[in-house]
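A short write-up of the structure that comes next.
Please read all numbers here as calculations on a predicted model, not as lab measurements. Residue numbers count from 1 along this sequence.
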Amino acid sequence: MIRDTGVLLRHYLRQVFKQKYGLVITAAQPLFFLVLFGPLFTRIGSWEVLVPGLIIQLGLMSAGMAGFGIVVDKRFGVLDRLRATRTSRLALLLGRVLSNAAVLLVQAAALIAVGYALGLRAPVLGVLLGLVMVLVLGISLAALSYAAALSVPESLFPSLASTVVVPLMLLSGAFLPMSMAPDWLYALSRANPFTYSVDAMRELFAGHFLTSTVAVGVGVTAAFTVASLFVGTRIFGRANA
């Protein structure tokens with residue numbers, strides 16, 4: 001399975017990096033927020049608060065929309081050809097989600113580099129740990145995106161994806177900490193797993209490593225990833241049975 005996953009990972013990465021414009025377009029919106037909104041945000045917050053939120057936004061917009069790729073493969077019969085191979089269903093899924101997570105990692109690193117140029121002063125260890133969390137989140141988001149794309153009609157996936165991704169992004173506190181929100185909105189945000197990821201990344205970027213916020217964020221992220229891979233594998237296997 002490991003060999004098959006590696007072969008598929010290299011294949012999908014070659015496809016992605018052949019289309020360099022796609023990488024730039026996906027990361028463009030968080031970069032615009034960073035450059036145009038960041039100088040205003042620093043009046044009420046800091047780069048160490050804004051940048052982690054924008055990275056989560058990038059993850060939701062990049063890996064969260066990964067299902068578009070499998071919609072195209074399904075339409076042109078690529079999934080049918082994969083079904084004829086002996087490759088395990090988990091390898092077929094992991095090859096895809098790992099490529100999406102790798103792309104997200106590259107985009108997040110670029111976003112952080114721009115953040116440093118603008119005034120971000122996060123410790124290197126905090127940034128590296130944050131990137132690990134981004135990688136794990138990318139895997140979970142891509143797995144769920146593929147599961148959703150295979151579970152609904154092709155015409156419904158774009159509207160479904162945007163309907164789910166936008167509220168998750170807003171409720172995560174990506175732009176402003178949810179501690180500033182009214183009580184009802186704050187309570188609603190606690191049901192969003194990405195809220196805990198954002199909070200943990202902000203702690204890491206602030207140089208606070210051994211805190212309950214980081215522990216909860218890592219735990220929620222790990223549990224969400226395991227559940228996402230389970231759901232994604234089941235649905236991916238059923239679609240290719």
Verdict with supporting geometry, Ser197 and Leu137, side-chain contact (heavy atoms from CB on, under 4.5 Å): CA-CA 9 Å; Ser197 301; Leu137 275 177; 3.8 Å; yes

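There is no path of hydrophobic side-chain contacts, each under 4.5 Å, that joins Leu188 to Val216. By the rule that hydrophobic residues join a cluster once side-chain heavy atoms approach within less than 4.5 Å of another member, Leu131 and Val218 end up as members of one cluster. Under the 4.5 Å side-chain heavy-atom criterion for ILVMFWY residues, a single connected hydrophobic cluster contains both Leu168 and Phe157. Note: the hydrophobic cluster containing Tyr196 does not contain Val165 (ILVMFWY, side chain heavy atoms under 4.5 Å, direct or indirect links). No chain of hydrophobic side-chain contacts below 4.5 Å, direct or via other Ile, Leu, Val, Met, Phe, Trp or Tyr residues, connects Val132 to Phe209.
Residues Arg202 and Glu48 form no side-chain contact, since every pair of their non-hydrogen atoms from C-beta on lies 4.5 Å or further apart. Between Phe194 and Leu141 the shortest side-chain heavy-atom distance falls below 4.5 Å. Using a 4.5 Å heavy-atom threshold, the side chains of Val136 and Phe224 count as separate. Counting heavy atoms from C-beta on, the side chains of Ser62 and Gln107 come closer than 4.5 Å. Side-chain contact between Leu54 and Trp47 is absent, with no heavy-atom pair separated by less than 4.5 Å. You'll find the side chain of Leu104 stays beyond 4.5 Å of the side chain of Leu135, heavy atoms only. Contact annotation: the side chain of Met201 never approaches that of Val214 to less than 4.5 Å [non-hydrogen atoms, C-beta and beyond]. Between Val231 and Ile235 there is a side-chain heavy-atom pair separated by less than 4.5 Å.
A distance of 12.0 Å separates CD1 in Ile139 from OG1 in Thr221, rounded to the nearest 0.5 Å. Between Ile55 atom CD1 and Leu34 atom CG the span is 9.5 Å, to the nearest 0.5 Å. To the nearest 0.5 angstrom, Leu31 atom CG is 8.0 Å from Leu58 atom CG. With values rounded to the nearest 0.5 angstrom, Leu105 atom CG is found 11.5 Å from Leu98 atom CG.
Within 6.0 Å of CG on Leu210 lie no more than 12 heavy atoms contributed by other residues, nucleotides or ligands. Annotation for Phe32: atom CZ does not count as buried by contact number, only 12 or fewer foreign heavy atoms lying within 6.0 Å. The number of heavy atoms from other shown groups lying within 6.0 Å of CZ (Phe230) does not exceed 12.
The two residues Pro177 and Val49 have their closest heavy-atom pair at CG-CG1, 4.0 Å. The two atoms that bring Leu50 and Gly38 nearest to each other are CD2-CA, 3.4 Å, heavy atoms only. Closest heavy-atom contact between Ala161 and Met65: CB-SD, 3.6 Å. Shortest non-hydrogen contact noted between Ser140 and Ser228 is O-CB, 3.5 Å. Between Gly53 and Val198, the shortest heavy-atom contact is CA-CG1, 4.5 Å. Of all heavy-atom pairs between Gly217 and Ala200, the closest is CA-CB, 3.8 Å.
Under the 6.0 Å distance and 45° angle rule, Arg96 counts as a cation-pi partner of Tyr146.
Side chain of Ser145 to backbone of Ala142: no donor-acceptor contact under 3.5 angstrom is found.
Remark: the Thr195 side chain and the Ser172 side chain contain no N/O donor-acceptor pair separated by less than 3.5 Å.
Ring orientation note: the planes of Phe175 and Phe37 are nearly perpendicular, at an angle over 60° on the 30°/60° scale.
Asp199 has a carboxylate O that lies under 4.0 Å from a charged side-chain N of Arg190, or vice versa, which qualifies the two as a salt bridge.
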